[in-house]
Amino acid sequence: MKKIVLVTYEDQGKYTSNLENEDQKLQQFLQDKGLEARSEVWSDPSVDWGRYDVAILKSPWDYFDRILEFYAWLDRMKAMNIRMLNPINIVLWNSDKHYLKDIAAAGLPVTPTLFIEKGETPDLHHYFEEFDTGKLIVKPSVSGGSKNTFKLTREDTAEYTPKLTSLLSEEAFMVQPFLHEVQKEGEWSLLFFNGKYSHSLLKKAKAGDFRVQHYLGGTIHAQEPPVDLICKAREYVDQFAPNCLYARVDGVVVNSGFQLMELELIEPFLFMFTNPNSYEKYYQALKEMI
């Protein structure tokens, strides 16, 4: 029997919420199905990774805070020839949101995005003109959990330019127009297991906020999207997430068309509790792959 490890992180309470403990429930579900599965913290130096045949990146939620350590850990896993789900080459590509350029170049709709590279001096006024918008979203190109994410108006540029200039000395940032649809309608998340559609939900920000993450007060609404939305989401998965155990397609509907915000292939919360068949679908996908 193959030994499976669910890779997680050292929980310091940063991403806690009132949702179910998805990691714990998934591990128990897989064990009840007869699989030998246990959890390990990716950054724990005492872990003997060589004892496992398959590693599933489940919730390494601090990887973007320790990105060089994370890359080094991936190198070690590759050197030990441990099969990674999702594949290491895709994880590396997905860890930096410059990947949005590749998706846009392939002709798939992406939220308009421009990048300010490390060391560059930002001209925030330029981006308001470029996107013809009154509000911008600015965040690191390697990020998660709304880390160093700002919503800016034209009046905020003087205040935020020095702060952003300082941050750019450390890493690259991305700039997008603020999409009012996120606040009005919510952000879709469509889940796929081994390329097959599983379930969907709408994430909505709390009143007065723009961040939809549940641990920041956002709310979760199980909802089945139109068939054409599922078909569109599948295009991203088919082209950019081959051989992936899971993929979460996050985006919004703008002027009746879907725009990708993120293709989550490293550590997305899978919102399994929103669909009664999600754990079984996950198990079947895993069984097919191993």
Which value, rounded to the nearest 0.5 Å, describes the distance between [X] atom [atom1] and [Y] atom [atom2]?
{"X": "I56", "Y": "T8", "atom1": "CD1", "atom2": "OG1", "value": "12.5 Å"}
{"X": "L201", "Y": "F269", "atom1": "CG", "atom2": "CZ", "value": "10.0 Å"}
{"X": "I116", "Y": "M174", "atom1": "CD1", "atom2": "CE", "value": "11.0 Å"}
{"X": "L179", "Y": "T111", "atom1": "CG", "atom2": "OG1", "value": "5.0 Å"}
{"X": "L92", "Y": "L74", "atom1": "CG", "atom2": "CG", "value": "5.5 Å"}
{"X": "Q31", "Y": "I4", "atom1": "CD", "atom2": "CD1", "value": "10.0 Å"}

Taking only residues two or more places apart in sequence, or in another chain, which ones meet [X] in a salt bridge (Lys or Arg N to Asp or Glu O under 4.0 Å)?
{"X": "K139", "answer": "E262"}
{"X": "E129", "answer": "R154"}
{"X": "D23", "answer": "K58"}
{"X": "E69", "answer": "R66"}

- Task: Just grab all the salt bridge (charged side-chain N to carboxylate O under 4.0 Å, His left out) pairs involving residues 112-123, residues at least two apart or on different chains.
- Result: none
- Task: Determine which pairs satisfy salt bridge (charged side-chain N to carboxylate O under 4.0 Å, His left out) with at least one residue from residues 165-182, sequence neighbours left out, and list them in order.
- Result: none
[X] to [Y] - nearest heavy-atom pair and separation:
{"X": "W42", "Y": "P60", "answer": "CD1-CB, 3.6 Å"}
{"X": "D250", "Y": "F258", "answer": "C-CZ, 4.1 Å"}
{"X": "D62", "Y": "Y9", "answer": "OD1-CB, 3.5 Å"}
{"X": "F193", "Y": "S198", "answer": "CE1-OG, 3.5 Å"}

Between [Y] and [X], is there a side-chain heavy-atom distance shorter than 4.5 Å?
{"X": "L202", "Y": "P225", "answer": "no"}
{"X": "K97", "Y": "P140", "answer": "no"}
{"X": "S278", "Y": "L270", "answer": "no"}
{"X": "S95", "Y": "Y71", "answer": "yes"}
{"X": "K25", "Y": "F273", "answer": "no"}
{"X": "P122", "Y": "T161", "answer": "yes"}
{"X": "V249", "Y": "L263", "answer": "yes"}
{"X": "V110", "Y": "K101", "answer": "no"}

Check: [Y] main-chain N/O paired with [X] side-chain donor or acceptor under 3.5 Å:
{"X": "N275", "Y": "H199", "value": "no"}
{"X": "E22", "Y": "M272", "value": "yes"}
{"X": "D53", "Y": "K3", "value": "yes"}
{"X": "K203", "Y": "S189", "value": "no"}
{"X": "N86", "Y": "Y246", "value": "yes"}
{"X": "S169", "Y": "S166", "value": "yes"}

Joint cluster assignment, [X] & [Y], ILVMFWY side-chain distance < 4.5 Å:
{"X": "V254", "Y": "L100", "answer": "no"}
{"X": "M261", "Y": "L108", "answer": "no"}
{"X": "M77", "Y": "L57", "answer": "yes"}
{"X": "F70", "Y": "L68", "answer": "yes"}
{"X": "L191", "Y": "L260", "answer": "no"}

Distance-only criterion, 3.5 Å: show the donor-acceptor pairs between side-chain atoms of residues 282-290 and protein atoms not counting sequence neighbours.
| residue | atom | partner | partner atom | Å |
| --- | --- | --- | --- | --- |
| Q284 | NE2 | E280 | OE2 | 2.7 |
| E288 | OE1 | N194 | ND2 | 3.0 |
| E288 | OE2 | K196 | NZ | 3.1 |

- What ring pair (Phe, Tyr, Trp, His ring centres under 6.0 Å) pairs are there with at least one residue in residues 95-144, not counting sequence neighbours? W93-Y99, H98-F115
Which residues share a side chain to side chain donor-acceptor pair (under 3.5 Å) with [X], sequence neighbours left out:
{"X": "D238", "value": "none"}
{"X": "Y236", "value": "none"}
{"X": "T113", "value": "Q176"}

- Message: Which residue is it: L152, D156, T153? I am looking for the one with a side chain to side chain contact (heavy atoms under 4.5 Å, CB included) to K135.
- Response: T153
- Message: Filter on side-chain hydrogen bond (donor to acceptor under 3.5 Å, both in side chains), then keep only pairs touching residues 225-235, sequence neighbours left out; what's left?
- Response: K232-E235
Near [X] [atom1], under 6.0 Å, is it more than 12 heavy atoms from other residues, nucleotides or ligands?
{"X": "D132", "atom1": "CG", "result": "no"}
{"X": "K2", "atom1": "NZ", "result": "no"}
{"X": "Q24", "atom1": "CD", "result": "no"}
{"X": "N81", "atom1": "CG", "result": "no"}

- Can F178 and L136 be said to form a side-chain contact (heavy atoms from CB on, under 4.5 Å), step by step? CA-CA 5 Å; F178 175 71; L136 297 173; over 6 Å; no
- Go through the steps to decide whether N243 and I90 satisfy the test side-chain contact (heavy atoms from CB on, under 4.5 Å), and finish with yes or no. CA-CA 9 Å; N243 304 311; I90 292 179; 5.8 Å; no
- Message: Would you call the rings of Y52 and W49 parallel, tilted or perpendicular, taking 30° and 60° as the class edges?
- Response: tilted
- Run the numbers on F192 and Y197 for ring pair (Phe, Tyr, Trp, His ring centres under 6.0 Å), then give the verdict. CA-CA 4 Å; F192 292 78; Y197 172 70; 5.7 Å; yes
- Item | Pair I230-L190, side-chain contact (heavy atoms from CB on, under 4.5 Å): steps then yes or no | CA-CA 7 Å; I230 298 174; L190 296 95; 4.1 Å; yes
- Item | Between W61 and D11: side-chain donor-acceptor atoms closer than 3.5 Å | no
- Message: Run V7 and E267 through side-chain contact (heavy atoms from CB on, under 4.5 Å) and show every step you take.
- Response: CA-CA 9 Å; V7 180; E267 38 62 68; over 6 Å; no
